[in-house]
S.K.: 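Okay, here's the structure, questions in a sec.
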Number of protein chains: 2
Amino acid sequence: MPDRPRRRIPEATVSRLPVYLRILNELAAEGVDHVSSDRLAELAGVNAAKVRKDLSYLGSYGTRGVGYEVSYLVYQVQRELGLNHEWPVVIVGAGNLGQALSGYGGFGQRGFPVAGIVDVDTSKIGSVIGGVRVRHIDDLPQIVASRQVSIGVVAVPGASAQDAAERLVRAGVTSILNFAPVVLSVPRGITVRKVDLALELQILSYYEQRRAGTLHAVPGQGKSASA
Amino acid sequence: MPDRPRRRIPEATVSRLPVYLRILNELAAEGVDHVSSDRLAELAGVNAAKVRKDLSYLGSYGTRGVGYEVSYLVYQVQRELGLNHEWPVVIVGAGNLGQALSGYGGFGQRGFPVAGIVDVDTSKIGSVIGGVRVRHIDDLPQIVASRQVSIGVVAVPGASAQDAAERLVRAGVTSILNFAPVVLSVPRGITVRKVDLALELQILSYYEQRRAGTLHAVPGQGKSASA
DNA sequence: CATTGTGAAGCGTTTCACAGCC
DNA sequence: GGCTGTGAAACGCTTCACAATG
């Protein structure tokens, strides 16, 4: 590992880097070796200036008049995102969602292997999901320590989510991906991101209702693009 | 239906209203009848001024010196979000994710009943998930029309997601919740929101890596709060 | 000469600070 | 006295526009 990130990258940019990365990987798979900010912007559904500014935070990796070399940019983005090594995750909650997440397989393929799944429900313990055996939640500290886990996934009902988060933090996890529909309260320095279906649907509901009233165009998280 | 929304509400505010709504519902369930912006802010993990400004877009529903009446505010927020009636959704993709989403039940409970699930895979057709029978994707237009569906959920692999989105749009859907890890290209006026696990994990990876390098605090999507 | 990299302007969001009101 | 509602300041992000350059 040669060097650590130095520059401070805007949050908005950080959340777009994974999108660029995915597109770059697709381009690489297609054998494309160079790409312009214009093309990348089109594929990512954003403005070209934004792509250039975003990438400029990583360094000057483009060539004027030519564009960006795909493979080199893939490497740089991965390095910036810390994707050069694996980040084992531990899933709390072996219900529907925990099982789906664990069985899905996409985690491991993308560098986030499931180091463990835990649940409070002793009836679930021992069953194997996606190749991982469900263990008791009291084993959390041991799993986190032995597998050097720093990311925890909260996949329990809302009522237990705060407790799950606290257990994760106590066990030594410093980042949490929260699927429960609650606002987690965590100590400073712990990063929490949430994925909340009902919330997303309710936001869509708002724009649908607006559409019904006045027939105007509507924003779409900045994620929509024209064909 | 007395009136339609008039004021233009900032996107950032719209995405916080569901959070307030959930908290308000919890407070109501606990028998709390009034709440201050300070308290609401604490529970939502945001700044009190933000709560007041957000709520002020709905109208002046607070009482100076007292706070907001919980039940009245619940009503107003729901109305603003268009949650006074149900929004049936159609799910495209009856794989792991589609099944989990449909079986989960939270959709229906929150006013988004599953009007149908469709798949291209004929071997999946006919099976019943969460009380809904899986139908062929060619039935989409019929389902959307007969059940007045305006929201579609894309739960297919990345490679088929664009096609799924196009079918939804052709069938008459105007909002899409996309779980596939691709940027959907849709006509203007169609709202797309995405839920992307890998992306969230990669963002966490970035902050984890930073933490490893320099020991500083880190943002958390603005969603974290101190205990 | 196409395309990057970037100051500077523009814009939306957050936060402050306090007048207004119950 | 306590809390809302809101102008205005501060901030961060986006977009423009163009000089720099392979």
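Just so we're on the same page: letters track the sequence lines, and every chain starts at 1.
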S.K.: Which whole-number value in Å describes the distance from Y61(B) OH to dC22(C) P?
M.R.: 17 Å
S.K.: Verify the contact: side-chain N or O of S37(A) to OP1 or OP2 of dT4(C), cut-off strictly under 4.0 Å; return yes or no.
M.R.: yes
S.K.: Select from V66(A) and V66(B) the residue whose nearest nucleotide in DNA chain D is closer to the 5' end of that strand.
M.R.: V66(B)
S.K.: Given dT15(C), dT6(D), dT6(C), identify the nucleotide with an atom nearest to the side chain of S56(A).
M.R.: dT6(C)
S.K.: So does Y68(B) get a side-chain nitrogen or oxygen closer than 4.0 Å to the phosphate oxygens (OP1/OP2) of dG2(D)?
M.R.: no
S.K.: Nearest to the side chain of A49(A), which nucleotide is it out of dT3(C), dT15(D), dT13(C)?
M.R.: dT15(D)
S.K.: On DNA chain D, compare the nucleotides closest to G65(A) and V35(B); which residue's is nearer the 5' end?
M.R.: V35(B)
S.K.: Closest approach to the side chain of E11(A), judged atom by atom: which nucleotide of dC13(D), dG5(D), dC22(C) is it?
M.R.: dC13(D)
S.K.: Rounded to the nearest 0.5 Å, how far apart are CG of L199(A) and CZ of R22(B)?
M.R.: 6.0 Å
S.K.: In whole angstrom, what separates R52(B)'s CZ from dT15(C)'s P?
M.R.: 12 Å
S.K.: Considering only dC22(C), dG5(D), dT4(D), which nucleotide approaches the side chain of S36(B) most closely?
M.R.: dT4(D)
S.K.: Without decimals, in angstroms, what is the distance between E69(B) CD and dT4(D) P?
M.R.: 14 Å
S.K.: Can you tell me the distance, in whole Å, between the CD1 atom of I9(A) and the P atom of dG12(D)?
M.R.: 16 Å
S.K.: Checking R211(B) side chain against T174(A) main chain: does a donor-acceptor pair fall under 3.5 Å?
M.R.: yes
S.K.: Round to the nearest Å and state the distance from Y57(B) atom OH to dT6(D) atom P.
M.R.: 10 Å
S.K.: Passes side chain to side chain donor-acceptor pair (under 3.5 Å), E69(B) versus S71(B)? Steps please.
M.R.: CA-CA 6 Å; E69(B) 190 190 331; S71(B) 64; 3.2 Å; yes
S.K.: From the options dT15(C), dG5(D), dT6(C), select the nucleotide whose nearest atom is closest to the side chain of N47(B).
M.R.: dT15(C)
S.K.: Answer yes or no: side-chain N or O of R64(A) and base N or O of dT21(D) forming a donor-acceptor pair under 3.5 Å.
M.R.: no
S.K.: Reckon R16(B) touches a base, only the sugar-phosphate, or nothing at all at heavy-atom distances under 4.0 Å?
M.R.: sugar-phosphate
S.K.: Whether the side chain of N178(A) engages the backbone of V182(A) through a donor-acceptor N/O pair (distance < 3.5 Å, no angle test) should be reported.
M.R.: yes
S.K.: In whole Å, what is the span from the CG atom of L58(B) to the P atom of dT4(D)?
M.R.: 14 Å
S.K.: Between the main-chain N or O of D54(A) and the side-chain N or O of R16(A), is there a donor-acceptor pair closer than 3.5 Å?
M.R.: no
S.K.: Measure from the side-chain heavy atoms of K53(B) and tell me the nearest of dG5(D), dG7(D), dT6(C).
M.R.: dG7(D)
S.K.: Nearest to the A12(B) side chain among dA8(C), dC13(D), dT14(C), which nucleotide is it?
M.R.: dT14(C)
